[in-house]
Amino acid sequence: MTDTPAPRHIPDRLDKPLSSAIFSWEALLVAVAVAIFAVNSFASPYFLDPWSLSDLTFNFTEKALIALAMALLIISGEIDLSVAAIIALASTMMGMAVQAGADTPVLVAIGILVGLGCGAFNGLLVTRLGLPSIVVTIGTMSLFRGIAFIILGDQAYKGYPSSFAFFGQGYVWWVVSFELALFLTAAVIYWFLLHRTSFGRRVFAIGNNPVAAQFSGVRVGRIKFILFCLTGLMAGIASVLITSRLGSTRPSIAQGYELEVITMVVLGGVSILGGAGSIVGVVLAAFIMGLVTFGLGLLNVPGIVMSIFIGLLLIIVIALPIVWRRVRRERFT
Amino acid sequence: MKAFLRYREVWLLAAIVVLIGLVSMRFPGFANLGNLRQLFNDTSILMILALGQMVVILTRSIDLSMASNLCFTGMVVAMLNAAHPAIPIPLLIVIALLVGLVLGAINGFLVWRLNIPSIVVTLGTLTIYRGATFVISGGAWVNADQMSPEFIGLQRAAFLGIPVLSWIAILVIASFFLLMTRTALGRSIYAIGVNPTASVYAGIDVGRTKFIVFCISGVAAGLCGYLWISRYVIASVEVANGYELNIIAACVIGGISIAGGIGSVGGAVLGALFLGIISNALPVINISPFWQMAISGSAIILAVVLNARGERRQGRIILKKAEAA
């Protein structure tokens with residue numbers, strides 16, 4: 001009998017020193033969030049009220065729900081610019097259903113299914129025809145919102161049933177809104193999916209090297225298709241929430257949300273080139289964006305000026321680690 | 001190779017002719033010379049913007065901030081004109097070009113020196129520039145009655161029977177054509193898009209070239225800032241909101257590959273013209289303008305499908321040539 005060599009133990013992850021955790025992206029985001037929180041509490045006496053903080057969450061939960069799925073999509077190396085248009089189309093379909101006399105459960109189902117269908121359409125175009133997703137979704141963005149405009153024109157749908165209002169306006173427990181509870185639940189599910197399942201591992205593999213992933217037996221096309229469907233699904237859910245919160249549908253609903261969602265994802269440390277990122281980062285980035293806009297809102301800063309801060313935040317947070325690395329490298333060489 | 005490139009634009013041109021033909025079947029006056037001239041004039045601004053975007057996309061980058069740059073620059077010149085009507089218009093145009101250049105250079109610098117992906121940089125500056133417009137204007141509008149007659153009138157003045165706006169577009173198209181086909185910079189731009197790594201070995205400074213293309217798109221946006229404001233005679237924070245995607249759509253329809261390296265001046269011009277015809281033709285043939293968005297969306301998707309097939313074929317041809325050599 002020959003000795004069989006003992007199977008070598010290959011760790012699932014490399015051991016990380018504590019210092020890497022301290023200098024990680026998430027730590028940077030936590031620091032930024034704490035700083036903004038502190039500044040806000042000093043700047044406005046109304047900020048630390050639990051109901052204020054609860055209102056704060058309405059600012060970002062809808063976009064953040066989409067950002068969770070978008071994070072996975074961007075990690076896999078694709079992008080979806082049509083999410084806001086999906087919201088508009090799903091909302092329009094729900095409005096049509098209301099006119100036809102549909103009740104709340106039907107409305108929710110329609111909103112979610114339209115979102116899923118739009119996502120599947122994007123996914124088919126990208127994976128079956130091998131088209132670049134950024135261009136495809138610029139096209140479908142015009143197409144989906146265009147259909148909403150064709151149906152609605154300059155009109156608006158109103159008259160949603162009162163039971164429908166719960167999704168965007170209701171509270172689950174004390175100051176915890178349904179939207180916030182849904183977002184936190186979804187965040188846990190997406191965290192598990194991305195960081196604790198083989199599916200998540202495959203998403204990272206595709207983002208880092210799609211060809212190598214394909215040759216390793218990962219079904220690249222199918223996984224990307226699923227990710228597009230998930231993003232559409234989340235946009236459908238967000239559409240239910242927004243429509244319920246506003247109580248009306250116009251074709252211009254959620255205009256420009258796609259860029260805010262992507263800003264959230266990138267701010268959360270997801271590499272726009274694919275292959276890297278974490279759900280924790282995205283959740284932190286969502287809270288940071290909510291804190292910034294709400295805090296500035298309490299100080300009566302107009303929305304458009306807030307967008308300057310968001311834009312600066314995005315560029316500075318991305319640029320800081322690059323500058324930091326460069327400074328360190330120059331010191332050592 | 002060159003014949004093949006021409007092939008794609010010939011197809012787009014054919015599509016445009018068919019489109020004009022279809023519209024004139026419903027409305028015979030559409031295809032007369034005066035209306036076509038008007039069509040070109042209406043599309044001039046989009047053409048200039050699409051050309052600026054084209055050089056950026058060719059280097060595998062993207063500039064999402066062009067519409068915000070246009071908005072900011074337009075507000076600057078409009079406010080200058082309202083406050084000091086004595087400033088001659090040519091000087092105002094130079095100021096517009098310079099402001100656009102500076103905003104473009106900021107994008108270019110961040111892409112070049114900090115190596116941040118262009119989509120992230122311009123996503124940030126997209127919101128920053130528009131926000132800055134609000135800050136300098138305080139949210140106020142500059143209305144037609146605050147602008148001097150020369151400010152509004154220059155681009156409408158006819159020269160040889162064609163408005164100055166069209167002449168500017170023709171001039172810009174010609175200079176872009178020279179840039180892309182007759183200069184080393186044009187060659188480098190294509191080279192970077194086709195293969196950035198090989199470009200470095202060929203002695204091209206990739207970072208610096210990217211900086212230059214963002215300056216070019218910035219200048220184009222700055223020029224259009226003045227043209228847009230003096231054409232629609234209102235300057236506000238909402239000017240050209242969301243227009244960045246129309247610009248990219250014109251490029252995509254014009255056959256410019258988002259993956260870089262493929263595209264031509266003629267393609268960008270025809271792509272812009274295609275979108276211009278759709279928006280001009282719909283009211284003429286009694287289709288609600290609300291259809292426009294869905295139609296241009298479908299056109300974009302169709303164009304990408306066709307372009308992707310064209311690119312694949314082109315790849316094979318290169319391989320055959322290499323085998324033969």
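We use all heavy atoms of the structure for the numbers below, so side chains are in, but hydrogens, waters and symmetry mates are not. Below, chain A is the first sequence line, B the second, and so on; all start at residue 1.
Residues L131(A) and V304(B) share a closest heavy-atom pair of CD2-O, 3.8 Å. G146(A) approaches M293(B) most closely through the heavy-atom pair CA-CB, 3.6 Å. Closest of all the heavy-atom pairs between T127(B) and G311(A) is OG1-CA, 3.4 Å.
For L110(B), the part lying under 4.5 angstrom from a heavy atom of chain A is the side chain only. Of the two parts of I308(A), the backbone and the side chain both hold a non-hydrogen atom closer than 4.5 Å to a non-hydrogen atom of chain B. In this structure, the portion of I79(A) lying under 4.5 Å from any heavy atom of chain B is its side chain and not its backbone. Both the backbone and the side chain of V135(A) come within contact range of chain B, each with at least one heavy atom under 4.5 Å from a heavy atom of that chain. Both the backbone and the side chain of L114(B) come within contact range of chain A, with heavy atoms under 4.5 Å apart. Only the side chain of I62(B) has a heavy atom closer than 4.5 Å to any heavy atom of chain A. Within the 4.5 angstrom heavy-atom criterion, only side-chain atoms of L125(A), from C-beta onward, approach chain B. For chain B, the nearby part of I272(A) is the side chain; its heavy atoms alone come within less than 4.5 Å. Of the atoms belonging to T125(B), heavy atoms from both backbone and side chain fall under 4.5 Å from chain A. At a 4.5 Å heavy-atom cutoff, the contact between I134(A) and chain B is made by side-chain atoms alone.
The most heavy-atom pairs under 4.5 Å with chain B, out of L314(A), L143(A), I150(A), come from I150(A). The choice from L259(A), L313(A), V266(A) that makes the most heavy-atom pairs within less than 4.5 Å of chain B is L259(A). Of all the listed residues (V252(B), L245(B), V120(B)), the one sharing the greatest number of non-hydrogen pairs under 4.5 Å with chain A is V120(B). Note: S142(A) leads P132(A), P251(A), S142(A) in heavy-atom pairs under 4.5 Å with chain B. When L64(B), I300(B), I128(B) are compared by the number of non-hydrogen pairs under 4.5 Å with chain A, I128(B) comes out ahead.
T263(A) OG1 to L126(B) CG: the interatomic distance, rounded to the nearest 0.5 Å, is 8.0 Å. With rounding to the nearest 0.5 Å, the separation of CD in E260(A) from CG in L123(B) is 10.0 Å. For the atom pair CG of N107(B) and CD1 of I315(A), the computed distance is 7.5 Å after rounding to the nearest 0.5 Å.
Residue-environment remark: CZ (R250(A)) stays at or below the threshold of 12 foreign heavy atoms within 6.0 Å. Surrounding CZ of F225(A) are more than 12 heavy atoms belonging to other residues, nucleotides or ligands, all under 6.0 Å away.
Contact of the F290(B) side chain with the D154(A) side chain is registered, since non-hydrogen atoms from C-beta on lie closer than 4.5 Å.
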